[in-house]
**Q** 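Pasting a structure here, questions to come.
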Amino acid sequence: MRRTPHSNRCPPHHPSFFRLLQQRSADFLLTLKRNQPLLFESVRLQFSDSQRQTVATAQARDSAHGRESLWQLQAIAAPPWLSKQCPGLSWLIQVRYQGLRGTRWSEQSHFFLTSLRTTGAQLLQLIRQRWSIENCWHWPRDVVFAEDRHRYRERNGVQILAALRTIAMNLLRLKGFQSLTQGRDALAHDLHSLLSLS
């Protein structure tokens with residue numbers, strides 16, 4: 001492994017992007033989203049091809065916060081036609097997630113493109129770390145503080161508001177709130193408690 005992999009929610013499906021990463025000796029691990037339907041479906045079908053040889057596998061189980069989770073990773077070699085479109089691409093990855101919380105069952109499949117050639121366990125760890133950051137950081141910023149709905153044009157204003165959201169999240173966590181939504185709602189109309197956070 002050369003450098004910390006570049007990570008992005010939605011890879012620009014353009015050869016120049018991947019060539020730029022190659023020039024900088026940067027590895028990548030990119031989530032493939034459904035907003036690129038042709039590429040998404042092409043990759044998904046690669047995993048239904050019984051002739052495809054698996055190059056790495058891994059699985060992990062979690063039991064926390066009343067939820068039982070199973071993560072299963074399968075990596076296969078990228079087909080030549082896709083490697084040409086995405087220079088540096090080596091493997092396609094599928095991660096299947098199964099979770100049970102109380103009586104509620106969920107099952108999802110996620111797909112990734114990567115230049116990394118490492119163990120399945122390391123790949124799964126990288127993917128789960130990225131989701132952990134997403135769940136602990138980006139998701140609450142969007143859902144609790146509606147960051148994505150704001151349409152600020154002025155650059156300094158965007159940076160100042162992002163810093164204020166970060167401060168608010170950290171103060172709520174320091175105050176002991178496990179749920180930022182509960183913390184926000186509990187303090188929204190309580191000026192005395194709000195002032196006690198600082």
Side-chain angles (χ1 to χ4, degrees), residues 1-13 15 17-36 39-102 104-143 173 178:
M1 195 180 306
R2 291 162 284 179
R3 293 185 185 174
T4 303
H6 178 81
S7 184
N8 190 16
R9 290 186 187 183
C10 176
H13 185 43
F17 171 77
F18 294 94
R19 278 195 288 271
L20 177 63
L21 293 178
Q22 273 189 318
Q23 291 168 5
R24 296 184 177 183
S25 298
D27 282 311
F28 59 86
L29 175 61
L30 303 170
T31 306
L32 188 55
K33 297 283 190 171
R34 290 183 182 272
N35 61 358
Q36 297 189 24
L39 180 58
F40 184 93
E41 186 63 14
S42 296
V43 170
R44 189 188 69 77
L45 288 173
Q46 295 296 310
F47 287 92
S48 63
D49 183 354
S50 60
Q51 303 300 313
R52 302 293 299 175
Q53 185 175 0
T54 298
V55 293
T57 60
Q59 74 172 28
R61 292 182 182 275
D62 275 341
S63 182
H65 308 293
R67 176 180 293 150
E68 300 288 332
S69 302
L70 172 64
W71 308 78
Q72 295 176 304
L73 176 142
Q74 179 187 10
I76 60 176
W81 62 267
L82 187 53
S83 296
K84 285 181 183 176
Q85 293 179 33
C86 308
L89 175 64
S90 58
W91 292 352
L92 309 178
I93 299 170
Q94 178 185 48
V95 173
R96 289 184 177 176
Y97 167 80
Q98 296 175 324
L100 180 63
R101 186 168 192 171
R104 188 176 174 185
W105 171 264
S106 62
E107 188 170 355
Q108 303 168 3
S109 288
H110 304 273
F111 299 95
F112 304 85
L113 308 177
T114 188
S115 62
L116 297 169
R117 292 175 186 239
T118 184
T119 66
Q122 287 179 320
L123 288 170
L124 185 55
Q125 182 180 6
L126 283 169
I127 289 167
R128 293 183 67 207
Q129 284 173 346
R130 188 202 179 288
W131 273 331
S132 176
I133 293 169
E134 180 77 24
N135 291 337
C136 294
W137 194 250
H138 300 297
W139 185 85
R141 292 174 77 90
D142 180 30
V143 174
R173 286 178 173 144
Q178 296 296 320

**Q** Inspect the surroundings of CD in Gln53 and state if more than 12 heavy atoms from other residues, nucleotides or ligands are less than 6.0 Å away.
**A**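 At most 12 heavy atoms, drawn from other residues, nucleotides or ligands, come within 6.0 Å of this atom.
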**Q** Are Ser69 and Gln98 close enough that some pair of their side-chain heavy atoms sits under 4.5 Å apart?
**A**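 Heavy-atom side-chain distance check fails, nothing below 4.5 Å.
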**Q** Is there side-chain contact between Leu92 and Leu82, with at least one heavy-atom pair below 4.5 Å?
**A** yes
**Q** Do Glu68 and Asp62 touch side chain to side chain, with heavy atoms closer than 4.5 Å?
**A**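 Counting from C-beta outward, Glu68 and Asp62 never come under 4.5 Å.
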**Q** Between Ser90 and Arg117, what is the shortest heavy-atom contact and its length?
**A** CB-NE, 3.4 Å
**Q** Does Tyr97 reach the side chain of Ser106, with side-chain heavy atoms less than 4.5 Å apart?
**A**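 Yes. Closest side-chain heavy atoms under 4.5 Å.
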**Q** Would you say the side chain of Trp91 lies within less than 4.5 Å of the side chain of Leu116, judging by non-hydrogen atoms?
**A** no
**Q** What's the verdict on side chain to side chain contact (heavy atoms under 4.5 Å, CB included) for Leu20 and Arg24, showing C-alpha distance, side-chain angles and the deciding distance?
**A** CA-CA 6 Å; Leu20 177 63; Arg24 296 184 177 183; 3.6 Å; yes
**Q** Looking only at heavy atoms, which two atoms of Phe111 and Arg44 are closest? And how far apart?
**A**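 Here Phe111 and Arg44 meet closest at CZ-CG, 3.6 Å.
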**Q** Only one of Ser83, Ser115, Pro87 forms a side-chain contact (heavy atoms from CB on, under 4.5 Å) with Phe18, so which one is it?
**A**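 Testing Phe18 for a side-chain contact (heavy atoms from CB on, under 4.5 Å) against Ser83, Ser115, Pro87 leaves exactly one candidate, Pro87.
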**Q** Determine whether Val95 and Leu123 make a side-chain contact, defined as any pair of heavy atoms from C-beta on separated by less than 4.5 Å.
**A**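 Not in contact.
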**Q** Within the structure provided, determine whether Asp49 and Ile76 are in side-chain contact (heavy-atom separation under 4.5 Å).
**A** no
**Q** Take Thr114 and Asp27 through the side chain to side chain contact (heavy atoms under 4.5 Å, CB included) test and state the conclusion after the steps.
**A** CA-CA 7 Å; Thr114 188; Asp27 282 311; over 6 Å; no
**Q** As a quick check of understanding, evaluate side chain to side chain contact (heavy atoms under 4.5 Å, CB included) for Ile127 and Phe112, giving each step before the final call.
**A** CA-CA 9 Å; Ile127 289 167; Phe112 304 85; 3.6 Å; yes
**Q** Between Phe28 and Leu30, is there a side-chain heavy-atom distance shorter than 4.5 Å?
**A** yes
